[in-house]
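The chains referred to below are lettered A, B, ... by the order of the sequence lines, with proteins before strands, and numbering in each begins at 1.
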There are 2 protein chains.
Amino acid sequence: MNISAAAQAAGLPVKTVRYYADIGLVEAPSRSDAGYRTYDEASVRKLAFIRRSREFGFSIDECRELLSLYQDQDRTSAEVKRIASKRLSEIEEKQRELQSLRDELAHLVTSCHGDHRPDCPIIDYLG
Amino acid sequence: MNISAAAQAAGLPVKTVRYYADIGLVEAPSRSDAGYRTYDEASVRKLAFIRRSREFGFSIDECRELLSLYQDQDRTSAEVKRIASKRLSEIEEKQRELQSLRDELAHLVTSCHGDHRPDCPIIDYLG
DNA sequence: CTTGACCTTCCAGTAACTGGAAAGATTAGG
DNA sequence: CCTAATCTTTCCAGTTACTGGAAGGTCAAG
């Protein structure tokens, strides 16, 4: 499989697939005689694993960790759960932040007439 | 006022105050004989305005826009409201994303025993 | 043989700072 | 007046996770 087929199968851009090998997140793939990268099912599965982890918002370093747990038959589920729980609290923290931000901004937007007059509570609040 | 006093008053790191002038977000401040940047109340107010706008998650370019509206006596409140409303929808979109992410991840975390055994639904899901 | 779709490497840019080095200025204490 | 600590300056590099683009090699079809 050439890189574009692998990228397609994993649901990633070609550039990103190269990038992940460059930074050592995945092994460097073997090459054809012409120097083309060649991929097999196993590498595609790993790439897809990374894509899904990234979609969950895990950082590259967390993906590195998850990937090594993914490939380690003897890991404990506790190790995985620790990383996922950490990410979960981050998400919840971010949610709380966004909620108060939204409420405040929604309040400002509602109180602004949004007409041709210069009078603006949003600007007043920021200034 | 030297830079550290101004930064303190505006609630920003010194580095950031310099940075904002470097990228032309605020005017370059005047200099003392020794070349020290000197700030007055007005520039501190602008810096604080930017800080608050940034805290709302407005991008630097949006801050640029807001700042010019802030300084424009003749702007209409509609112009300001447009930018704030845009930001509000972004926040709400992000909230929806985070919510489904959280639900999915929370479900996985709950279903994972988190013990010494290798069996792990989180990894199973990602892989 | 040519055309177009691949592929390669390398370099640069994104957003918004942040850290650090090297060197000059100022201030407080002795 | 000297010195040490604390500013301040500029400049360069690093962060995160890619993404875009240029210059050039390869491959399959017609």
Original post:
Does any pair with a residue in residues 64-85 of chain B pass ring pair (Phe, Tyr, Trp, His ring centres under 6.0 Å), and if so which ones, sequence neighbours excluded?
Top reply: B:Phe49-B:Tyr70

With a cut-off of 3.5 Å and sequence neighbours excluded, list every side-chain donor-acceptor pair involving residues 98-112 of chain A.
unit_1   : atom_1 : unit_2   : atom_2 : d
A:Gln99  : OE1    : B:Gln95  : NE2    : 2.8
A:Gln99  : NE2    : A:Asp103 : OD1    : 3.0
A:Ser100 : OG     : A:Glu97  : O      : 3.1
A:Arg102 : NH1    : B:Glu92  : OE2    : 2.6
A:Glu104 : OE2    : A:Tyr125 : OH     : 2.2
A:Thr110 : OG1    : A:Ala106 : O      : 2.7
A:Ser111 : OG     : A:His107 : O      : 3.2
A:Ser111 : OG     : A:Leu108 : O      : 2.9

**OP:** With a 4.0 angstrom cut-off to heavy atoms of chain A, pull out the first and last contacting nucleotide of DNA chain D, in 5'-to-3' order.
**Re:** D:dA17 to D:dC27

**OP:** Verify, without hydrogens or angle tests, whether A:Arg31 (side chain) and A:Arg37 (backbone) share a donor-acceptor contact under 3.5 angstrom.
**Re:** no

Original post:
What nucleotide, of C:dC17, C:dT26, C:dG20, holds the atom closest to the side chain of B:Lys15?
Top reply: C:dG20

**OP:** Give the rounded distance in Å between these two atoms: OH of A:Tyr39 and P of C:dT8.
**Re:** 7 Å

Subject >> Given DNA chain D, 5'-ward residue of the pair A:Ser59 and B:Ala34, judged by closest heavy atom >> reply: B:Ala34

Subject >> Nearest-angstrom distance from the residue atom CG of A:Asp33 to C1' of C:dT8 >> reply: 15 Å

Subject >> Length of the CD1-P vector between B:Ile60 and C:dT18, whole Å >> reply: 11 Å

Subject >> OP1 or OP2 of C:dG24 under 4.0 Å from side-chain N/O of B:Tyr36 >> reply: no

Subject >> Rounded distance (Å) that lies between atom P of C:dA25 and atom CZ of B:Arg37 >> reply: 15 Å

Subject >> N/O (side chain, B:Thr16) to phosphate O (OP1/OP2, C:dT18) under 4.0 Å >> reply: yes

**OP:** Round to the nearest Å and state the distance from B:Asp22 atom CG to C:dA16 atom C1'.
**Re:** 12 Å

**OP:** Run through B:Lys86, B:Arg87, B:Arg54 and flag the one making a side chain to side chain donor-acceptor pair (under 3.5 Å) with B:Glu62.
**Re:** B:Lys86

**OP:** Just compare C:dC6, C:dT26, C:dT9 and give me whichever is closest to any side-chain atom of A:Arg18.
**Re:** C:dT9

**OP:** Indicate whether the side chain of B:Ser30 and that of B:Thr38 have a donor and an acceptor atom separated by less than 3.5 Å.
**Re:** yes

Original post:
Under 3.5 Å, is there a donor-acceptor pair linking the side chains of A:Ser77 and B:Asp115?
Top reply: yes

**OP:** Output yes when A:Glu55 and A:Arg51 qualify as a salt bridge under the 4.0 Å nitrogen-oxygen rule, no when they do not.
**Re:** yes

Original post:
How is B:Ile23 classified with respect to the nucleic acid when contacts are heavy atoms under 4.0 Å: base, sugar-phosphate, or nothing?
Top reply: nothing

Original post:
B:Tyr19 has a side chain; which of C:dA25, C:dT8, C:dC17 sits nearest to it?
Top reply: C:dC17

**OP:** Tell me what A:Ser32 touches on the nucleic acid: a base, only sugar-phosphate, or nothing, going by heavy atoms under 4.0 Å.
**Re:** nothing

